[in-house]
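Quantities reported herein were computed from a predicted structural model and do not represent experimental measurements.
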Amino acid sequence: MTPLRLRMINDMQIRNLSPHTQDCYLLQVSQFARHFAKSPALLGPEDVRAYQVYLTNEKKLAPKSIHVTVSALRFLYRVTLGFEWDFDLIIPCPKAPKTLAVILSPEEVLHFLGCVESLKHQVILTTCYAAGLRISEAVRLKPGAIDRRRMVLRVDQGKGKKDRYVMLSARLLETLTDYWRAVRPRTWMFPGGIPNEPISTNAVQDACSKAHRLAGLAKPVTPHSLRHAFAVHLLEAGTDLRTIQLLLGHRSLSTTAQYLRIATNKVCAATSPLELLPRPIPKAPPPPPPEHF
């Protein structure tokens, strides 16, 4: 291990970055160094620029993928190497397209969950929808996280290393109780194949893909789709945006506000001007028949 790599690891540990973030940053910096066959300490702004052009034009990476590289290089040069660059100018972030999530209807959610074959996978995905959890949060639930008296689930160290409480509906409590009685999990609510480890997110995503094929739904479905559906269905039922923000664990209200552009009770709140026209809509008169000589 080079001294620069060790220093970067220590810098990330000092700032308590998640293990996943540390691995991503190290991978991106390693690929950057291998591209030029030089230590990053010997590379400058023009090299960074050339690398971003390479990722964009030759590798054809999506802007969100390049964002990871940008974050890693900014950390390396700003924190570990201590360079005083204008990072917005020298290592810019590409503009990402604004997209909206495709939302499943309640009927589609019910149909999809009914197509999940494994009990464990079905309960995990049901929990993602019923409580709005990220898949990484759902797989790491512990039996002790269920608070029957207060009807809440405790999420320990979710995204951003934040704890929070989410709703525990009576129906979800019944589902989790039936599952617990059948499986009797100990450390983790959803144990995986490795002893003392929870089920992997990849295993749940594979089960989700299989259920999607069986369901025959035209809309894309991932575990995160169920979290989106949770938020939109709450909003359509009249839950205020601030409450949804707290349940989802969003840092910024603007992140939660994106669902305002999806919820039907918001999008369809106004009346189309077509509905104000008299009925029936008059049809254009047919063209006169051609004259014959």
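- In this structure, Tyr51 has its ring center under 6.0 Å from that of Phe32.
- Between His212 and Phe112, the distance separating the two ring centers is not shorter than 6.0 angstrom.
- Hydrophobic side-chain contacts under 4.5 Å tie Val152 into a cluster, directly or through other members, with Tyr165.
- What you find for Ser252 and Gln245 is that their closest heavy atoms are C-NE2, 3.6 Å.
- Distance check: Ile66 CD1 to Leu55 CG gives 5.5 Å after rounding to the nearest 0.5 Å.
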What side-chain donor-acceptor pairs closer than 3.5 Å can you find for residues 139-151, not counting sequence neighbours?
from, atom 1, to, atom 2, distance (Å)
Asp147, OD1, Arg149, N, 3.2
Asp147, OD1, Arg150, N, 3.1
Arg148, NH2, Thr177, OG1, 2.9

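- Expressed to the nearest 0.5 Å, how far CZ of Arg74 lies from CD1 of Ile90 amounts to 10.5 Å.
- With values rounded to the nearest 0.5 angstrom, Leu125 atom CG is found 12.0 Å from Cys115 atom SG.
- Ser209 and Asp206 are not linked by any side-chain donor-acceptor pair at a separation below 3.5 angstrom, with hydrogens and angles left out of the test.
- By the 30° and 60° cut-offs, the orientation of the rings of His233 relative to Tyr129 is perpendicular.
- When atom types are taken as modelled, the side chain of Gln52 and the backbone of Ile91 share no donor-acceptor pair closer than 3.5 angstrom.
- Residues Phe190 and Trp188 keep their aromatic ring centres 6.0 Å or farther apart.
- The main-chain N or O of Pro40 is found under 3.5 Å from a side-chain atom of Tyr77 such that the two form a donor-acceptor pair.
- Relative to the six-membered ring of Phe87, Arg78 meets both conditions, a distance below 6.0 Å and an angle of at most 45° to the axis.
- Using a distance-only test at 3.5 Å, with no hydrogens or angles considered, a donor-acceptor pair links the side chain of Glu108 to the main chain of Ser105.
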**OP:** Apply the test salt bridge (charged side-chain N to carboxylate O under 4.0 Å, His left out) to residues Asp156 and Arg154: give CA-CA distance (whole Å), side-chain angles for both, the deciding distance (0.1 Å), then the verdict.
**Re:** CA-CA 6 Å; Asp156 291 321; Arg154 178 182 173 87; 2.6 Å; yes

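- Partners of Thr187 according to the side chain to side chain contact (heavy atoms under 4.5 Å, CB included) rule, which considers only residues two or more places apart in sequence or in another chain, do not exist here.
- Remark: side-chain polar atoms of Glu236 are paired, donor with acceptor, to backbone N or O of Thr264 under 3.5 angstrom.
- Heavy atoms only, all atoms of each residue included: Ala96 and Pro63 are closest at CA-CB, 4.0 Å.
- Around atom CZ of Arg7, no more than 12 heavy atoms belonging to other residues, nucleotides or ligands sit under 6.0 Å away.
- Listed for the Gln258 side chain is a donor-acceptor partner under 3.5 Å among the backbone atoms of Thr255.
- Note on Glu137 versus Lys162: no salt bridge recorded, every NZ/NE/NH1/NH2 to OD/OE distance being 4.0 Å or above.
- Salt bridge status for Glu174 with Arg171: absent, with no side-chain N to carboxylate O gap under 4.0 Å.
- Nearest approach of Leu17 to Lys161, heavy atoms of both residues: C-CE, 4.3 Å.
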